[in-house]
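Given the structure is predicted, the values throughout are model-derived calculations rather than measurements.
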Amino acid sequence: MKDNYLDGLNEAQREAVVNTDGPCMVIAGAGSGKTRVLTYRIAHLIKQGAEPFSILALTFTNKAAKEMKERIGNIIGGSEAKNIWMGTFHSIFARILRAEADKIGYPQNFTIYDTQDSKNLIKTIVKEFGLDDKLYKPGIVYNRISSAKNNLIGAQSYLNNATIMGDDRSNGRPRIGEVYMAYQTRCFRAGAMDFDDLLFKTNVLFRDHADVLYKYQHRFKYLLVDEYQDTNYSQYLIVKKLAALNENLAVVGDDAQSIYAFRGANIQNILNFKKDYPDYKLYKLEQNYRSTQVIVEAANSIIKNNTEQIKKNVWTSNDEGNRIKVIKALSDNEEGKLIANDIYDIQQHYNAKALDFAILYRTNAQSRSFEESLRRLNIPYKIYGGLSFYQRKEIKDLLSYFRLIANHKDEEAFKRVINYPKRGIGKTSVDHMIIKANEHKVSLWEIASNMQQYQLPINAGAQKKIGEFTAMMNSFKSRLEETDAYDIAKEIASVTGMTKTLHDDKTPEGVSRYENIQELLNGIKEFSDKNKEEDKLVTLPDFLIDVALLTDADNDKPEDKDKVALMTIHAAKGLEFPYVYIVGMEENLFPSQLSLNSRTDLEEERRLFYVAITRAEKKLTLSYATTRYRWGNLISCESSRFIEEIDEKYVDNVTIFDPKPMKKPSSSKEAAFKMKFSSPKKENLKKVSAVTSSSAGGGSDNKDFVVGLKVAHAKFGKGKIVNIEGAYPNRKATVFFPNVGQKQLLLKFAKLDIIE
DNA sequence: AACAACGGGCTTTTT
DNA sequence: GCCCGTTGTT
């Protein structure tokens, strides 16, 4: 290990790294080297003689954990870093619960229900209760249950809690508590935990089994928690209990970046730390190494509009940098084009790579206009989030087989695969099984494997098929613990008929589904190879624990490296990019309409904006559209209040799109129409000039461009058209500019003048 | 029992 | 505008 590893740290960072004993809190401003402190602190611990497996580090994402492990490995050398307990709350405690499952009455191979599974189950229960499913929407009920669990309120306590029940009653949903109760019963019967249960049940385990708690208190001599501002009560209590023995607890976070209150994160955890640990040490990291002065100061000017926060002074010694550019567009589609053009321009002039850019938005639904315009300009991009790989139907289907084999009681998995691929077990048969299962309060599997005993009223043919199905599942089950995960997974995919069914489907979707299955199997192979130790086998249940908690962000593929990143601001947390675009800066979108009713919600939106701004290293651009399609309707939008909140001196003139009538059908025509008939609204922005950026300007393919024509471009100078391809309105010209070389230009964007 | 056509609801954000 | 689930059709 390098001995001078502490040299690269500033004083505040070094203090936070070397003072390893006792409770401490590190308040780390955006870009101040928080991860650096965490990794060095852990490396330092090991250097001081701490055993890697006595260190527990809880992170917010698996990706963060993985990267941190690598960085620690680089500092200390060797393979010791592998033994550190590092991961998300959910994945670490899922592992611990698996080891201790019998203590709380769960099977060792319990299933982890994802949100979709949970909502399906809730829907089933709501139906069984005969409740109005318009009123008791699965999403709403799920959120109520989730927030109860995050505050450690079980189903019975929920029913006993006058305030909560009163809220439900006044919202016209008095029976959510009962649904909660039934939901818990059914999850338990299915041997399943949802995401929140992983934390809830950990609390139960530690509460009811002092010996177990004691064991882990001893094992984990050093605790570190990243993104502490985003922990909820349930997580807080786990940490508190685990740390109680040694009190070697370091929490790291930034109250200004708390953006998960909506799912139960509690800012008070950070504000109350000193109450739990009066003799704690506080370190503040205030020097920003990431961004220009303009960006840092602009972010400061935003966040000071919030009332509740820990005082700190984030500063930087970096260059002043460009001012923040604000782009106004006439429609969501124009917004997409302007941003794509801007990226294209910067790529051309500053030799920037695609991976230097990020487009950040408030909601996933906004991505489309950017996808389209980037694709037109041949700029590679990658969308993060949205429908994850693991949520695709074919993937969930195969995973359901794995789940059902590992845990026969898993109801959601059972229902998914009992007749997929088609094996002649129809809806009627399944409905009969469900009725029997509810009647006897047992799992579907129990019914299916004892059809006579439960007098299942279905014909012999169907019974035979069900019998074959359970026999097949059983034969896999018996080999599960002694077969390598990849080997058995491949066999399951094939024997169940999934591989063949998908392979036979020659539609493009079918082909892609088949490829996805292959990719999942490859992923299992990789997982198996990576985790193999001496003569210990990596089994399918090992993989299942992992996969339930994986997200797309966790498997970056190499070919995705040099691409413009499109993602929600939430997903961008912890990342940084030289050029950042925050788009859709409009009232009711950002800040979200739902946040406007309460001050605390609005403050969370503002922190979200703060997070977005501070992702930028060199240049920040904001954009908004004056009209936008929402649910298929064109609506008009006002610019976001957040733009006004930025200190004026950091904001550059608004770039206005020249509202020249465009020769294009549909949306833009309507946009132009709107523009014409709505009187100019009071402008939110003070400085307005009619600047048109080169490519963003009134470029429109309405001229008679032909090969051989000499043209002039605002930035590239004079040139000659050497080729034109594509059809109007997407005609693309190849133009040779003596000054800059050959360029591909989309005629409808490029502002080209014909010279001769 | 399987597929096509239709209609409703949705837009926060994620482990 | 799109996705999903339900309904209607053979």
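- Each of B/dT11, C/dT6, B/dT15 was ranked by its minimum atom distance to the side chain of A/Arg630; first place goes to B/dT11.
- At the phosphate of B/dA1, OP1 or OP2 sits under 4.0 Å from a side-chain N or O atom of A/Thr428.
- Between the P atoms of C/dC4 and B/dT13, the separation comes to 14 Å (whole Å).
- Looking at A/Glu604 and A/Arg607, a side-chain N of the basic residue comes within less than 4.0 Å of a carboxylate O on the acidic one, giving a salt bridge.
- Looking at heavy-atom distances under 4.0 Å, A/Phe89 makes no contact with the nucleic acid at all.
- A close approach under 4.0 Å does occur between a side-chain nitrogen or oxygen of A/Asn364 and OP1 or OP2 of B/dT13.
- Rounded to whole Å, the distance from NZ on A/Lys119 to C1' on C/dC4 is 13 Å.
- A donor-acceptor contact shorter than 3.5 Å is absent between the side chain of A/Asn266 and the backbone of A/Tyr233.
- In this structure, A/Asn633 places its CG atom 15 Å from P of B/dC10, rounding to the nearest Å.
- In this structure, the side chain of A/Gln463 does not engage the main chain of A/Met451 through any donor-acceptor pair within 3.5 Å.
- Regarding A/Ile545, its CD1 atom lies at a distance of 14 Å from the C1' atom of B/dT15, rounded to whole Å.
- In this structure, A/Phe590 and A/Phe609 have perpendicular ring planes: the angle between them is above 60°, well past the 30° mark.
- Each of A/Asn419 and A/Leu594 lies near DNA chain B, and the nucleotide nearest A/Asn419 is the one positioned closer to the 5' end.
- A close approach under 4.0 Å does not occur between any side-chain nitrogen or oxygen of A/Lys393 and OP1 or OP2 of C/dC3.
- The side chain of A/Lys134 lies closest to B/dG9, out of B/dG9, B/dA2, B/dT15.
- By the criterion of a centre-to-centre distance under 5.5 Å and near-parallel planes under 30°, the ring of A/Phe262 forms a stack with the base of B/dT13.
- Comparing A/Ile425 and A/Ala365 against DNA chain B, the residue whose closest nucleotide sits nearer the 5' end is A/Ile425.
- With distances taken from any side-chain atom of A/Arg368 to the nucleotides B/dT13, C/dC2, B/dA2, the minimum falls on C/dC2.
- Put simply, CG on A/Asn143 is 14 Å from C1' on B/dT15, counting in whole angstrom units.
- Distances from the side chain of A/Thr568 to the nucleotides B/dT14, B/dC3, C/dG1 place B/dT14 closest.
- When atom types are taken as modelled, the side chain of A/Asn459 and the backbone of A/Gly461 share a donor-acceptor pair closer than 3.5 angstrom.
- Distance NZ (A/Lys396) to P (C/dC4): 12 Å, rounded to an integer number of Å.
- Going from atom CE of A/Met567 over to atom P of B/dT14 covers 11 Å, rounded to whole Å.
- Using a 4.0 Å cut-off, some side-chain N or O of A/Lys123 falls inside it from OP1 or OP2 of C/dT6.
- Side-chain N/O atoms of A/Thr115 include none lying less than 4.0 angstrom from OP1 or OP2 on B/dT14.
- An OP1 or OP2 oxygen of B/dC10 is reached within less than 4.0 angstrom by a side-chain nitrogen or oxygen of A/Lys137.
- When all heavy atoms of A/Leu199 and A/Ile238 are compared, the pair lying nearest together is O-CD1, 3.7 Å.
- Taking atom CG of A/Asp196 as the reference point, atom P of B/dT14 lies 15 Å away to the nearest angstrom.
- Set against B/dT13, B/dT15, B/dC3, the side chain of A/Arg263 has B/dT15 as its closest nucleotide.
- Between A/Asn120 atom CG and C/dC4 atom C1' there is a gap of 12 Å when expressed in whole angstrom units.
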